[in-house]
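Okay, so here's the structure we're looking at.
Hydrogens, waters and symmetry mates are skipped; everything else that's a heavy atom, side chains included, is used. Letters A, B, ... are given to chains in the order of the sequence lines, protein chains preceding strands, and every chain is numbered from 1.
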Amino acid sequence: MENTIKQITVNALRDLYQTEITPEQVKLEPTNSDFKGDFTLLTFPFLRFSKKNPEQTAQELGLYLVQNITEIEQFNVVKGFLNLEISPSYWVNKLVEVNCNVASSTHQKVMVEYSSPNTNKPLHLGHVRNNLLGYSVAEILKKSGNEVYKINLINDRGIHICKSMLAWQLFGNNETPESANMKGDHLVGKYYVIFDKAYKTEVAELVNQGKAQEQAEKQAPLILEAQEMLRKWENGDAEVIQLWKTMNEWVYAGFELTYKALGVDFDRFYYESNTYQLGKDNIEEGLANGVFYRKPDQSVWIDLTEDGLDHKLVLRSDGTSVYITQDIGTALLKYQDYHCDKSIYVVGNEQDYHFKVLFLILKKLGYNWSNGCYHLSYGMVDLPSGKMKSREGTVVDADDLIAEMIETAKVKTEELGKTEGLSEEEKQQLFRMLGLGALKFYMLKVDPQKRMLFNPQESIDFQGDTGPFAQYAFARITSMLKAAKQLNQEIAFKSVEVSSSEIALIKTLYNYQLEVEKAAQAYSPAIIAHYALELAKAFNRVYNDVPFLREKDDSKRSFRLFLASKTADIIQDALSLLGIDCPERM
RNA sequence: GGUCUCGUAGCUCAGUUGGAUAGAGCAACAGAUUUCUAAUCUGUGGGUCAGGGGUUCGAAUCCCUUCGGGAUCACCA
């Protein structure tokens with residue numbers, strides 16, 4: 001319809017004002033809900049052609065459009081805005097076209113790398129945002145017609161890992177996840193904290209003995225020992241490697257449980273311990289080609305000042321690799337393995353500079369595919385008390401958080417007496433759907449790029465702009481349709497008269513595909529979240545407005561049940577893009 | 001200090017390629033159910049879109065500037 005209106009407007013300008021324009025120049029928008037109409041045509045840009053005032057111009061165009069487009073019943077003019085009113089039957093018939101399939105123009109191979117944890121600590125709130133975002137963006141891209149691979153790049157090597165290992169060696173007494181009855185990632189994290197504590201004590205002692213803070217931090221025996229361990233690791237020391245393997249396995253087992261609880265998944269894992277060597281090889285190549293240069297101390301750098309950045313180190317003077325060395329290697333390996341058109345990195349915005357540098361280096365190395373690399377940079381998660389700081393113990397643990405959400409769902413659901421007749425297993429399933437629905441929705445409804453505040457009290461709210469709000473609309477419809485079937489009521493499309501709230505709902509349903517495309521283009525689950533809310537609201541309004549099961553008119557009842565079932569389909573589909581499941585009753 | 005980024009109602013957030021009187025939710029207050037799930041719906045109050053300047057028919061949106069918050073600028077990752 002939009003295209004028709006635009007095309008006819010082009011004709012109108014030709015016939016009325018002897019002016020040629022393209023359909024793209026026609027500004028057409030959905031009419032603001034405060035005004036009467038479905039589409040609004042902006043006449044301001046045409047004034048110089050009509051040489052008349054906005055009202056007159058709008059009048060003339062309105063008359064022309066009504067005469068030439070049968071679906072347009074009436075129009076009204078407010079200032080320079082031409083509001084076009086489409087016949088209700090047009091919208092009613094549109095409902096037939098509504099479905100969950102998104103016919104997409106793009107068919108690309110896309111890789112989404114997300115989660116990417118370090119193996120020295122359990123996952124926390126920040127990781128939760130990352131995981132939910134990555135999963136959802138991947139699902140949205142899939143929905144809009146792309147071939148998507150979800151990748152998790154595990155940072156399994158480096159000094160931080162050695163800290164946990166060393167602390168375990170010194171203070172662990174051979175403790176294992178089994179003996180401690182603790183998830184493996186939490187156990188390893190515990191030793192990371194123990195290291196940090198002991199290290200600080202050492203530093204404080206050295207400072208007391210008169211050393212400068214900075215010097216003390218570098219000379220504390222524990223840090224020296226950890227560094228020694230890292231060297232041993234790089235040299236393949238059997239004992240260190242064995243310990244490293246064992247402790248990493250503990251962590252992986254722990255992560256797996258968390259991922260499962262969150263409902264996120266991956267097509268493939270990469271490990272930095274496998275990719276850093278490839279990066280190093282590439283540096284050597286680039287060195288030969290003059291992309292990099294070597295300083296007298298043997299460290300290797302790249303000059304990015306021409307591009308407004310700085311000189312950047314890519315290899316230490318002792319020949320070992322740094323963070324970006326590994327990332328060059330990983331990028332290369334990922335491309336070799338998949339040849340994706342696009343490669344998306346879901347990483348926090350504190351690394352904006354790093355990715356700017358990385359992509360630029362890849363380009364300078366001559367990899368054209370680096371044009372398809374994109375850093376999906378998301379904002380940090382703050383707490384009402386301020387920033388999360390591990391040192392101050394204000395970090396919100398992912399496992400705790402999930403458990404609390406489910407527990408809250410349980411309490412609230414039982415308070416409302418909604419569990420009657422459910423088996424124990426069904427109950428657990430319901431609490432999980434609701435708790436995670438609330439959590440996921442809360443985190444995904446905010447624009448990814450923006451910093452967000454995590455308010456524990458609000459996150460477990462089940463009213464208003466929340467996941468459970470949308471889930472509730474689905475549950476209501478599902479149980480209604482169930483009742484309809486028991487009553488042998490027909491659920492089918494009929495050409496009937498509809499109320500304005502029903503038209504509003506149909507329009508919203510019809511917009512689904514557009515919204516998915518928009519979300520895919522912007523890499524933004526927030527767009528889907530807001531859409532799902534809008535849809536649930538539009539349905540709730542109809543539900544309060546007109547009867548469904550009790551409608552006396554058979555055709556109308558059939559139609560409304562059909563409308564409801566379409567709504568349920570779309571709500572479920574939209575929420576699934578956010579990783580949220582819908583319960584059939586709640 | 002250099003670079004990047006953000007600033008919208010008491011709080012949390014929306015706001016399409018610049019378009020009408022800047023919108024939701026929470027919180028506050030007032031209503032709706034002999035009726036299909038009230039985890040719902042309807043209404044009221046609440047704004048110098050951080051301040052200032054510019055571009056134009058028209059700016060929360062684009063440009064400049066000031067102020068304020070955050071990030072980053074490591075032979076850490």
Side-chain angles (χ1 to χ4, degrees), chain A residues 24 27 29-35 40 42 44-45 47-48 54 78-81 83 116 118 120 155 157-161 272 295 297-301 308-310 312-324 326-327 348-354 356-357 377 379-380 382 384 387 412-413 415-416 418 434 438 442 445-447 449-455 457-459 461-466 468-469 471-473 475-480 483-484 487 514 518 522 526-527 529-530 533-534 536-537 539-551 560-561 564 585-586:
Chain A
E24 290 74 39
K27 302 218 168 185
E29 319 177 331
T31 300
N32 202 316
S33 58
D34 297 339
F35 299 89
T40 296
L42 303 184
F44 302 103
L47 300 184
R48 60 199 174 101
V78 182
K79 295 182 189 171
F81 298 90
N83 299 321
S116 304
N118 293 348
N120 62 327
N155 181 7
R157 64 176 290 272
I159 189 75
H160 48 289
I161 318 289
E272 290 194 340
K295 280 192 179 178
D297 67 358
Q298 297 303 302
S299 57
V300 178
W301 298 71
L309 305 175
D310 295 318
K312 179 82 185 173
L313 175 105
V314 292
L315 222 50
R316 293 193 188 100
S317 51
D318 64 1
T320 57
S321 64
V322 287
Y323 182 41
I324 202 145
Q326 302 178 135
D327 269 2
N349 64 10
E350 77 240 343
Q351 297 195 33
D352 284 354
Y353 184 75
H354 171 79
K356 236 188 237 177
V357 171
S377 162
M380 298 290 98
D382 286 327
K387 289 167 76 171
K412 294 203 178 190
T413 306
E415 257 174 25
L416 289 171
K418 303 255 189 183
L434 294 177
Y442 181 84
K445 73 176 173 185
V446 181
D447 183 335
Q449 315 258 2
K450 291 191 181 168
R451 197 179 183 88
M452 70 170 286
L453 184 87
F454 185 87
N455 184 325
Q457 268 132 44
E458 280 177 20
S459 70
D461 228 322
F462 286 19
Q463 281 159 12
D465 286 353
T466 65
F469 176 91
Q471 288 171 317
Y472 182 60
R476 260 180 165 179
I477 294 172
T478 311
S479 63
M480 186 166 72
L487 295 167
L514 275 176
K518 228 199 291 182
I527 290 173
H530 287 286
L533 280 179
E534 205 184 306
K537 273 186 208 170
F539 173 77
N540 287 337
R541 249 171 241 141
V542 177
Y543 188 83
N544 267 269
D545 216 33
V546 299
F548 282 75
L549 297 174
R550 307 192 176 205
E551 170 60 50
R560 280 184 196 148
L561 290 171
R585 53 170 279 197
M586 63 184 274

Please give the distance between the [atom1] atoms of [N] and [M] as a whole number of Å.
| N | M | atom1 | result |
| --- | --- | --- | --- |
| B:C49 | B:C57 | P | 23 Å |
| B:G43 | B:A50 | C1' | 32 Å |
| B:G23 | B:G19 | C1' | 16 Å |
| B:C64 | B:C4 | P | 10 Å |
| B:C62 | B:C6 | P | 9 Å |
| B:G69 | B:A60 | P | 26 Å |
| B:U5 | B:U65 | P | 14 Å |
| B:C26 | B:U44 | P | 16 Å |

Show each protein N/O and nucleotides 29-31 of chain B N/O combination with a separation under 3.5 Å, one pair to a line.
none

task = For a side-chain contact (heavy atoms from CB on, under 4.5 Å) with A:S321, tell me which candidate from A:R157, A:R316, A:E272 qualifies.
result = A:R157
note = With A:V78 as partner, the option from A:N32, A:D34, A:N83, A:T40 fulfilling side-chain contact (heavy atoms from CB on, under 4.5 Å) is A:N83
Face-to-face stacking of A:F44 with B:G58, centres under 5.5 angstrom, angle under 30° = no
Base of B:A20 and ring of A:F35 stacked, centres under 5.5 Å, planes under 30° = yes
ask   = Quick one: the side chain of A:N32 and the base of B:A22, do they pair up donor-acceptor inside 3.5 Å?
value = no
message = I'd like to know if A:K27 reaches the base of B:U17 with its side chain, counting only an N/O donor and acceptor under 3.5 Å.
response = no
Gap separating the [atom1] atom of [X] from the [atom2] atom of [Y], nearest 0.5 angstrom:
| X | Y | atom1 | atom2 | answer |
| --- | --- | --- | --- | --- |
| A:I324 | A:H354 | CD1 | NE2 | 4.5 Å |
| A:I161 | A:N155 | CD1 | CG | 6.0 Å |
| A:D382 | A:R451 | CG | CZ | 4.0 Å |
| A:K412 | A:Q463 | NZ | CD | 7.0 Å |
| A:L549 | A:L487 | CG | CG | 6.5 Å |

Quick check on [N]: is either OP1 or OP2 less than 4.0 Å from any side-chain nitrogen or oxygen of [X]?
| X | N | value |
| --- | --- | --- |
| A:R316 | B:C76 | yes |
| A:K445 | B:A14 | no |
| A:K312 | B:A74 | no |
| A:R476 | B:A38 | yes |
| A:R451 | B:U5 | no |

Using Watson-Crick or G-U wobble geometry with both distances under 3.5 Å, which nucleotide pairs with [N]?
| N | value |
| --- | --- |
| B:U61 | none |
| B:C49 | none |
| B:A38 | none |
| B:A20 | none |
| B:G25 | B:C11 |
| B:G1 | B:C73 |

Could you tell me whether [X] contacts a base, only the sugar-phosphate backbone, or nothing, with contacts defined as non-hydrogen atoms closer than 4.0 Å?
| X | answer |
| --- | --- |
| A:K518 | base |
| A:M452 | sugar-phosphate |
| A:T413 | base |
| A:V300 | nothing |
| A:D382 | nothing |
| A:K412 | nothing |
| A:L434 | base |
| A:D318 | nothing |
| A:F469 | sugar-phosphate |
| A:Q351 | base |
| A:L42 | base |
| A:A475 | base |
| A:N83 | base |
| A:R550 | base |

key: Heavy-atom closest pair, residues A:I477 and A:F539   = CG1-CZ, 3.4 Å
query = Which pair of heavy atoms, one from A:K445 and one from A:A529, lies closest together, and at what distance?
reply = CA-CB, 3.8 Å
Side chain of [X], heavy atoms from C-beta onward: which of [options] has the nearest atom to it?
| X | options | value |
| --- | --- | --- |
| A:K450 | B:U37, B:A14, B:C41 | B:A14 |
| A:T40 | B:A20, B:C13, B:U72 | B:A20 |
| A:D310 | B:U37, B:G19, B:C73 | B:C73 |
| A:L453 | B:A77, B:U12, B:A20 | B:U12 |
| A:D465 | B:U72, B:A24, B:A20 | B:A24 |
| A:F548 | B:A77, B:G70, B:C36 | B:C36 |
| A:Y353 | B:C41, B:C73, B:C13 | B:C73 |
| A:N118 | B:U21, B:U35, B:A77 | B:A77 |
| A:Y543 | B:A38, B:U40, B:U72 | B:A38 |
| A:N540 | B:A77, B:U40, B:U21 | B:U40 |

task = Give the rounded distance in Å between these two atoms: OH of A:Y472 and P of B:U37.
result = 8 Å
query = Side chains of A:T466 and A:D461: do they bring a donor and an acceptor to under 3.5 Å?
reply = no
key: Distance-only side-chain donor-acceptor flag, A:R476 / A:N540, under 3.5 Å   = yes
message = Check the orientation of A:F454 and A:Y442. Use parallel for under 30°, tilted for 30 to 60°, and perpendicular for over 60°.
response = perpendicular
query = Of A:K295 and A:V78, whose nearest nucleotide on RNA chain B comes first from the 5' end?
reply = A:V78
Upstream residue (5' side of RNA chain B) when A:P468 and A:Q449 are each assigned their closest nucleotide = A:Q449
